[in-house]
Number of protein chains: 2
Amino acid sequence: MLTPTAATASSAVTSSARSSRRASPLRASGRSAARCSSCSMRQLCMPQGLSSDELPKLEALICTARSVQRGEALYRSGDRFDNLYAVRSGSMKTVMAHRDGREQVTGLRLAGEALGLDGISEDAHACSAVALEDSTVCIIPYTALQTLCREISSMQERLHKLMGEQIIREAAQMMVLGSLSADERVAAFLLDVSERHAQRGYSSAEFNLRMTREDMGSYLGMTLETVSRTLSRFQKRGLIDTQGKHIRIVDLEGLRQV
Amino acid sequence: MLTPTAATASSAVTSSARSSRRASPLRASGRSAARCSSCSMRQLCMPQGLSSDELPKLEALICTARSVQRGEALYRSGDRFDNLYAVRSGSMKTVMAHRDGREQVTGLRLAGEALGLDGISEDAHACSAVALEDSTVCIIPYTALQTLCREISSMQERLHKLMGEQIIREAAQMMVLGSLSADERVAAFLLDVSERHAQRGYSSAEFNLRMTREDMGSYLGMTLETVSRTLSRFQKRGLIDTQGKHIRIVDLEGLRQV
DNA sequence: CGAGTCATTGAACGCAGTCAAAGCACGTGG
DNA sequence: CCACGTGCTTTGACTGCGTTCAATGACTCG
């Protein structure tokens, strides 16, 4: 993994200062204009199946990285949509808000996963993306990506699949929220995260879930207390082993059968 | 509206007969190879903003229509993905199933709306699309559409927005399922349907909802009894007027404030 | 060390689910 | 044309799961 680029000075940036910085991301701060060429995202967010002469075009596209502090927003609901992102390290949550102010976590993005598709249809982001821990993301300018997709069909294919995956992922989550009991929701969530860790080459049996119980509850449509109780019960049943945010899956098959 | 093209012979087509017919849609049956050129879908599923020399290309693309009987599946979960669709008349629901057999309604498509994006990421459909009433759809071959999107950027733009819209729509539904009370869910649903009717030029205050109470409940993550009770209560409060599937919104503002 | 955030656990309540029974609309066949 | 069957809807009574309220404990970071 690359070292995080240019963890910028002050830890407490005001909201207005942050949004002005976003206009010219890390690029502006000199040494932080890190090329993403050695970034592991290349295989992840981008195609399998590019010919060697096409690769440079892609590298020219994914040109900068940005670091996002824990709790900081990469983008906010309503922000103008310019870029897609790929989580390079760390993890993020996406949050959507009602007009009445109620917020709900609508997604979790682990290292290697794409982010920002919610902005495409309205030219503005529909949700906010907040770092669950100090994280870095690759920035992918959307219009440039579109141009590339017109030139390289495998690139187009990949972008469409990426969007299609999100459509399916969200539909699956609708099913979780609409049909499953509290126990089933938590089990399904743990299995989902486990599988996604495995897909990226990390341990599927043991991982840190940087979300709080409240985030999980919000994502799963239940209260933080119920999440906590459910995890405790799973532990007593010997399905998992939790110590705060560290989770180890003990009985995978048992968890599947909850 | 066009007359439905070639309402094919038998009303009770066996499942196997139906799937063999799907390979070569209505085109095979002679008089049914209806061009969609006068189809109102053209403005709906396709761009605002095509130059006049590009239009013919599009018309060549959207080449056939298909009629789907009430209760019949346009495609099923697991079917190979070849086409996108646009509902020309009638309405459809999308249904997803767990491995354990439980099914849930994941979407409602009214006339003028797009269908089938769930197939893109896996080359196979992730859910089934079932007609809520006798309906017709336009068929849009996906690979041809992709090619066109590489030639015409406004077409690409439109397809991406279409996918982006579905991403946002589903995220919003996740919020409905995760955060709202039964009353709020039903109110939100009615308002959503009303608004979508309005967008397509139909009455926003009065419409037929061809879903059953069970479908609605499934979509909203509640039981059919609760849906029914909620609608009854809304009626007593003077918010709506229901007679079975016919729904009239009496107090729009009141419904918004539920 | 103290303040704040996060997690856990308990007790009581309430919303929506479940079970059950009518009622209604529609189409089909006698 | 009516009788009947089927599928959908409505309404009631009771139950139970998950929420709410509350208190305590654990961990982190100035």
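These numbers come from the heavy atoms of this one structure, side chains and all, not from hydrogens, waters or symmetry mates. First the proteins, then the strands, lettered A, B, ... as listed; each starts at 1.
Checked against the 6.0 Å centroid threshold, Phe207(A) and Tyr202(A) do not count as a close aromatic pair.
Using a 4.5 Å heavy-atom cutoff, the side chains of His246(A) and Asn208(A) are in contact. For the pair Val186(B) and Thr226(B), the minimum side-chain heavy-atom distance is 4.5 Å or more.
With hydrogens and angles ignored, no donor-acceptor pair under 3.5 angstrom links the side chain of Arg70(A) to the base of dT5(C). In this model, no side-chain donor or acceptor of Arg185(A) finds a partner on the base of dG18(D) within 3.5 Å.
Residues from residues 215-226 of chain B that place a heavy atom under 4.0 Å from any atom of DNA chain C, listed by number: Gly221(B), Met222(B), Thr223(B), Glu225(B), Thr226(B).
What you find for Thr94(B) and Leu115(B) is that their closest heavy atoms are CG2-CD1, 3.8 Å. Among all heavy-atom pairs drawn from Arg70(A) and Asp134(A), the shortest one is N-OD1, 2.8 Å. Between Gln104(A) and Tyr219(A), the shortest heavy-atom contact is NE2-O, 4.2 Å. The two residues Ala73(A) and Arg66(A) make their nearest non-hydrogen contact at O-NH2, 3.8 Å.
When the nearest nucleotides of DNA chain D are assigned to Ser232(B) and Val227(A) by heavy-atom distance, the more 5′-ward of the two goes with Ser232(B).
Between Lys245(A) and dC27(D) there is no side-chain N or O to OP1 or OP2 distance below 4.0 Å. The side chain of Arg213(A) contributes an N or O atom lying less than 4.0 Å from OP1 or OP2 of dT8(C).
When rounded to the nearest whole Å, the span between CD of Glu214(B) and P of dT18(C) equals 12 Å. Protein atom CZ of Arg229(B) is 11 Å distant from nucleotide atom C1' of dC19(C), rounded to whole Å. Straight-line distance from the CG atom of Leu231(B) to the P atom of dA16(C): 14 Å, rounded to whole Å. Computed from coordinates, the Asn208(A) CG to dC27(D) P distance equals 15 Å when rounded to whole Å. Rounded to a whole Å, the CZ atom of Arg210(B) is 19 Å from the P atom of dG7(D). Rounded to a whole Å, the CG atom of Leu132(A) is 15 Å from the C1' atom of dT5(C). To the nearest angstrom, P of dA7(C) lies 14 Å from CD of Gln235(A). What separates CG of Leu180(B) from P of dA16(C) is a distance of 11 Å, to the nearest Å.
At the heavy-atom level, Thr212(A) lies under 4.0 Å from the strands shown only through sugar-phosphate atoms.
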